[in-house]
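Nothing here was measured: the structure is a model prediction, and the numbers come from that model.
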There are 2 protein chains.
Amino acid sequence: MKKEHKHLTSFKSHLDQQYGQRGTIIREEYEEGFEAFKLGAMLQELRKEQGLTQEQLALKCGTTKTYISRIENNASDIRLSTLMRIIHEGLGGHLKFKVDILLK
Amino acid sequence: MKKEHKHLTSFKSHLDQQYGQRGTIIREEYEEGFEAFKLGAMLQELRKEQGLTQEQLALKCGTTKTYISRIENNASDIRLSTLMRIIHEGLGGHLKFKVDILLK
DNA sequence: CAAAATGTTACCTAATTAGCTAACTTTGAT
DNA sequence: ATCAAAGTTAGCTAATTAGGTAACATTTTG
């Protein structure tokens with residue numbers, strides 16, 4: 001059974017536009033409308049962009065490939081501190097929030 | 001002892017620019033650079049914008065003022081599902097993520 | 001095809017959040 | 001100053017995550 005996520009928007013397409021400045025440090029922004037089932041896909045794509053296996057990512061942020069797999073497949077809820085750790089230490093990234101509100 | 005958070009950027013200033021279209025439904029975006037100690041401040045400000053007490057907010061999202069207080073004061077880590085519930089059901093908002101990564 | 005690497009699932013345990021109640025404190029209004 | 005409302009803190013318990021190991025499945029490589 002194919003388990004690869006079907007992404008609603010491709011991160012790669014964003015990246016591809018930037019590859020002209022190859023060799024320099026490039027700041028990329030990834031943004032997804034948030035729903036629970038998308039978080040795993042987002043993390044998986046970020047990991048693959050960096051050419052990391054689940055096990056390599058796990059090592060960098062002090063957990064196991066087992067756990068990374070569960071998160072990527074949305075098999076479990078996740079604490080904010082853990083999500084931050086994966087993004088900071090594992091992916092070298094920085095997490096931000098955005099909250100949209102409808103005002104009356 | 002004063003406990004009110006000192007916000008690094010004011011949400012209100014965003015809001016004030018929009019008040020011309022009073023009476024219509026306005027879509028507002030709130031964004032904060034994320035660090036753990038800012039999340040509580042962010043939620044507190046969003047709550048106050050809507051004129052809600054901790055207890056009123058708690059009722060809307062099925063928890064207690066005790067818990068809301070703990071979160072606003074960053075006294076505890078929080079699960080993603082719980083954060084979503086507070087933002088959706090309590091504040092009528094929508095949560096998004098953004099991840100910045102430095103590419104080599 | 002076979003072997004190796006990568007990813008998924010199952011099970012158990014320990015640590016932590018979330019829910020609940022009650023007491024205490026601070027703030028705001030009269 | 002007093003009273004009421006709002007917010008904070010302290011226990012305790014139940015539910016869930018996170019960590020660990022092992023077995024299984026899938027994908028990739030030779």
Side-chain angles (χ1 to χ4, degrees), chain A residues 1-7 11-12 34-91 93 95 97, chain B residues 1-7 11-12 34-91 93 95 97:
Chain A
M1 180 193 177
K2 205 66 165 63
K3 285 305 246 21
E4 182 97 4
H5 291 286
K6 320 268 174 316
H7 300 292
F11 292 136
K12 278 203 173 60
F34 178 68
E35 298 169 34
F37 64 88
K38 288 190 204 162
L39 176 65
M42 180 169 164
L43 291 176
Q44 181 174 99
E45 185 130 10
L46 289 168
R47 173 176 62 82
K48 288 183 176 173
E49 292 293 351
Q50 307 203 10
L52 295 173
T53 65
Q54 289 182 341
E55 194 163 29
Q56 289 171 328
L57 174 60
L59 273 174
K60 294 180 87 173
C61 55
T63 184
T64 60
K65 63 176 186 171
T66 290
Y67 184 67
I68 299 294
S69 175
R70 285 209 308 260
I71 295 303
E72 287 187 0
N73 291 287
N74 304 298
S76 141
D77 202 352
I78 183 172
R79 286 184 220 159
L80 223 47
S81 60
T82 307
L83 178 59
M84 278 178 60
R85 214 178 69 226
I86 293 173
I87 291 175
H88 285 148
E89 302 179 15
L91 300 169
L95 176 64
F97 285 143
Chain B
M1 180 192 177
K2 204 67 166 62
K3 285 305 248 20
E4 181 95 5
H5 292 286
K6 319 265 175 318
H7 299 293
F11 292 137
K12 277 202 173 59
F34 178 67
E35 299 170 35
F37 63 87
K38 287 191 206 161
L39 177 64
M42 180 169 164
L43 291 176
Q44 180 175 100
E45 184 129 11
L46 289 168
R47 172 176 64 80
K48 288 182 175 173
E49 293 292 351
Q50 307 203 9
L52 296 173
T53 65
Q54 289 181 341
E55 193 164 29
Q56 289 170 328
L57 174 60
L59 273 173
K60 294 179 87 174
C61 55
T63 184
T64 61
K65 65 176 184 170
T66 290
Y67 184 67
I68 298 294
S69 174
R70 285 209 306 260
I71 295 304
E72 288 187 359
N73 291 286
N74 304 297
S76 140
D77 202 351
I78 183 173
R79 284 184 220 158
L80 222 47
S81 61
T82 307
L83 177 58
M84 279 178 59
R85 214 178 68 226
I86 293 174
I87 290 175
H88 284 149
E89 301 178 17
L91 298 169
L95 177 63
F97 284 144

### Query
Of the candidate nucleotides C/dT9, C/dT16, D/dT8, which contains the atom at the shortest distance from the side chain of A/Arg79?
C/dT16
### Message
Quick check on DNA chain D: between A/Ser81 and B/Lys65, whose nearest nucleotide comes earlier from the 5' end?
### Response
B/Lys65
### Task
Please figure out whether B/Asp77 or A/Gln54 has its closest DNA chain C nucleotide nearer the 5' end.
A/Gln54
### Message
Any side-chain N or O of A/Thr63 below 4.0 angstrom from OP1/OP2 of D/dG19?
### Response
yes
### Task
Figure out the NZ/C1' separation between B/Lys48 and D/dA6, and round it to whole Å.
10 Å
### Query
Do the side chain of B/Thr82 and the base of C/dT17 come within less than 3.5 angstrom through a donor-acceptor pair of N or O atoms?
no
### Query
So does B/Arg85 get a side-chain nitrogen or oxygen closer than 4.0 Å to the phosphate oxygens (OP1/OP2) of C/dT17?
no
### Query
To the nearest 0.5 Å, how far apart are CD in B/Gln54 and OG in B/Ser69?
4.5 Å
### B/Asp77 side chain to A/Arg79 backbone, donor-acceptor under 3.5 Å
no
### Task
With the side chain of A/Arg70 defined as its heavy atoms from C-beta on, choose the nearest nucleotide among C/dT9, D/dT17, C/dT8.
C/dT9
### Task
Would you mind reading off the distance between B/Leu80 atom CG and C/dT16 atom P, rounded to a whole angstrom?
19 Å
### Query
Got a second to check how far B/Ile71's CD1 is from B/Leu83's CG, nearest 0.5 Å?
8.5 Å
### Query
Hey, what do you get for CD (B/Glu55) to NZ (B/Lys65), rounding to the nearest 0.5 Å?
5.0 Å
#### Entry: OP1 or OP2 of D/dT8 under 4.0 Å from side-chain N/O of B/Asn73
yes
### Query
Taking OP1 and OP2 of D/dT8, is either one under 4.0 Å from a side-chain nitrogen or oxygen of B/Ser69?
yes
### Query
Between C/dC20, D/dG19, C/dG7, which one does the side chain of B/Thr66 approach most closely?
C/dC20
### Selected nucleotide, minimal atom distance to B/Thr64 side chain, candidates C/dT6, D/dA6, C/dT21
C/dT21
